[in-house]
Amino acid sequence: MTGTSVIEVDRSALIHNLNFIQHHLGEDVKVSSVIKANAYGHGIEQVVPVAESAGINHFSVFSADEAQRVYKVKKKQTDVMIMGWVSDEALEWAIKNSVEFYVFEYAKLEKAQEIAEKLNKKAIIHIEVETGMNRTGFIQKDLKKAVNLIKKHRECFVVKGLCTHYAGAESIANHVRIQKQIKKYNQIYKWIVKEGVIPELRHTACSAAAMAYPRTRMDMVRIGILQYGFWPTRETFIQYISKQMDKADPLQRVISWKSQVMSIKKVKTGEFVSYGTAYLANEDKAIAIVPVGYSHGYSRSLSNTGRVLIDGQRAPVIGVVNMNMLIVDVSTIPDVKRGDEVVLIGTQNGLVITLASFADFNNQLNYELLARLPINIPRKVTN
Ligand SMILES: *Cc1c(COP(=O)(O)O)cnc(C)c1O
């Protein structure tokens with residue numbers, strides 16, 4: 001290992017999760033695999049072929065640069081959809097290569113029309129509509145303008161989808177807001193069809209909505225976090241499991257993240273460890289230094305709270321997480337040596353570190369921790 005850590009992607013776990021999702025939602029619902037943020041840290045190049053082997057033929061990314069990475073590794077027939085940022089230059093690339101993209105700005109739609117006309121190639125668009133999140137999406141007035149432009153230049157567009165995004169389907173606290181959004185979306189869908197613009201796919205649901213609100217599944221769902229083996233929130237998991245006979249979690253963690261012990265030393269009672277006063281040794285301690293810190297994506301919020309596995313035992317992260325290192329209390333693990341494997345996420349000797357085990361207080365940390373795993377950590381597909 002020349003780098004300080006390695007990320008492993010478990011092929012059979014990813015396939016298992018995708019099969020579970022497809023089976024749970026039913027064969028009539030198309031699953032778009034969301035692989036923005038470098039496939040939630042798992043690696044776009046690693047995830048795409050495995051997901052394809054599980055029958056996925058549609059991927060969603062946030063930006064055109066991610067779409068270009070997918071484009072290089074995907075099968076010919078597989079579709080890619082950009083849900084967010086496409087610069088004007090990238091727009092030409094997208095249209096030329098039949099890459100699908102969201103439109104939520106009239107100016108972008110006009111630009112797409114011009115390019116499509118110039119290339120004599122249809123732009124494959126998903127019309128995003130505002131239903132209550134107040135982020136991207138056409139408001140009614142602009143939607144009318146957009147629909148008029150599309151009707152005037154039918155030869156320039158394939159209207160592949162009509163879409164929206166829910167403002168927090170992972171929490172029951174947002175129930176009323178979500179119901180309003182569903183209603184609004186359905187009204188807009190009826191209206192646009194009456195206008196004679198008929199989207200091929202209605203899609204609104206992320207993982208949480210797809211699990212908690214069956215009405216949001218429609219023709220296609222955009223599944224991110226679930227396929228990687230994590231529930232959007234504990235609430236979503238409990239809601240699912242409460243209706244099942246089998247109470248075991250049906251999902252399997254796909255990612256493992258491993259490093260090794262770089263250095264070991266003893267610390268005397270009364271000494272502080274690492275920067276400042278965050279950790280005071282209340283007895284004589286043995287500590288191990290691991291060459292992974294917040295610059296490698298190990299969140300500072302895990303200072304004094306994270307756990308790792310060394311020599312088949314659990315060991316607590318002590319003191320603040322540094323930029324390139326973290327420090328672990330190995331006082332109860334007598335034989336630790338330099339070079340011993342350190343599991344940051346994953347399994348060792350039957351013990352498991354999931355993300356949620358240190359993120360119980362806040363499931364958003366799952367998303368954030370995964371998404372911030374740097375692109376330059378080597379990824380390896382296992383199994
Ligand atoms: C990220 C994202 C998703 C997927 O969300 P998960 O909670 O990971 O399933 C779906 N739709 C949009 C627009 C997104 O940005």
Side-chain angles (χ1 to χ4, degrees), residues 14 17-18 20-22 24-25 29-42 44 47 51 56 58-67 70 79-86 100-105 125-138 160-171 174 178 181-182 185 201-214 216-237 239-240 250-251 253-255 355-356 359 362-373:
L14 180 56
N17 294 341
L18 286 166
F20 162 75
I21 293 161
Q22 189 70 68
H24 181 73
L25 301 177
V29 180
K30 187 178 175 76
V31 174
S32 179
S33 163
V34 179
I35 52 169
K36 64 190 181 195
N38 199 24
Y40 293 46
H42 293 66
I44 284 179
V47 166
I56 295 293
H58 196 277
F59 290 96
S60 298
V61 295
F62 176 72
S63 52
D65 56 334
E66 294 171 331
V70 182
D79 295 324
V80 189
M81 174 173 85
I82 304 168
M83 303 185 291
W85 173 245
V86 194
E100 306 170 8
F101 54 93
Y102 275 30
V103 288
F104 43 80
E105 289 274 309
I125 58 170
H126 292 257
I127 302 171
E128 190 189 11
V129 293
E130 179 56 70
T131 56
M133 173 143 180
N134 291 311
R135 193 173 65 178
T136 47
F138 283 114
K160 181 84 183 266
L162 182 76
C163 49
T164 195
H165 188 57
Y166 298 110
E170 68 283 352
S171 169
N174 303 319
I178 304 301
Q181 284 192 268
I182 298 171
Y185 175 88
L201 298 170
R202 295 164 303 151
H203 58 98
T204 65
C206 58
S207 296
M211 297 307 285
Y213 298 87
T216 66
R217 291 173 192 163
M218 304 181 189
D219 304 312
M220 183 169 86
V221 293
R222 307 180 302 260
I223 300 291
I225 198 87
L226 272 184
Q227 69 187 317
Y228 306 109
F230 298 104
W231 292 85
T233 51
R234 206 162 162 71
E235 252 179 86
T236 329
F237 171 62
Q239 200 209 9
Y240 168 79
L251 299 175
R253 181 178 34 78
V254 174
I255 200 169
L355 276 77
N362 177 7
N363 278 75
Q364 285 309 109
L365 197 62
N366 276 354
Y367 286 87
E368 188 173 333
L369 220 141
L370 291 169
R372 294 178 90 168
L373 289 171

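From a predicted model like this one, the values you see are computed outputs, not experimental measurements. Whatever order the structure lists them in is the order used to number ligands and atoms, beginning at 1. Computed over heavy atoms, backbone and side chain alike; hydrogens, waters and symmetry mates excluded.
Residues K30 and L201 share a closest heavy-atom pair of CD-CD1, 4.4 Å.
Per-residue contacts place K36 under 4.0 angstrom from the following atoms of ligand 1 (heavy atoms of the residue considered): 1 (C), 2 (C), 3 (C), 14 (C), 15 (O). Within ligand 1, counting atoms from 1 as listed, the ones closer than 4.0 Å to a heavy atom of Y367 are 6 (P), 7 (O), 8 (O). Against a heavy-atom cut-off of under 4.0 Å, I225 is close to the following atoms of ligand 1: 6 (P), 8 (O), 9 (O). The atoms of ligand 1 that sit less than 4.0 Å from any heavy atom of Y40 are 1 (C), 4 (C), 5 (O), 6 (P), 8 (O).
Summarising the geometry, atom CD belonging to E128 is positioned 9.5 Å from atom CG belonging to L162; distances are rounded to the nearest 0.5 Å.
Inter-residue side-chain proximity for H42 and L370 is flagged as met; some heavy-atom pair is nearer than 4.5 Å.
Here H165 pairs with nothing under the ring pair (Phe, Tyr, Trp, His ring centres under 6.0 Å) rule; sequence neighbours left out.
Between F62 and ligand 1 there is no heavy-atom distance shorter than 4.0 Å.
At the top of the distance list for atom 11 (N) of ligand 1, counting protein heavy atoms only, stands R222 NE, 2.8 Å. In this structure, the protein non-hydrogen atom closest to atom 9 (O) of ligand 1 is S207 OG, 2.5 Å.
Polar contact with ligand 1: absent for C206 (N/O pair, distance under 3.5 Å). Residue R135 places no N or O, backbone or side chain, under 3.5 Å from any N or O of ligand 1.
A centroid separation of less than 6.0 Å is found between the aromatic rings of Y240 and F20.
Inspection of the S33 and Q227 side chains reveals an N or O donor paired with an N or O acceptor under 3.5 Å.
The side chain to side chain contact (heavy atoms under 4.5 Å, CB included) test with T204 is passed by exactly one of R217, M218, Q181: M218.
Within the 4.0 Å heavy-atom criterion, the part of H165 lying near ligand 1 is the side chain and not the backbone.
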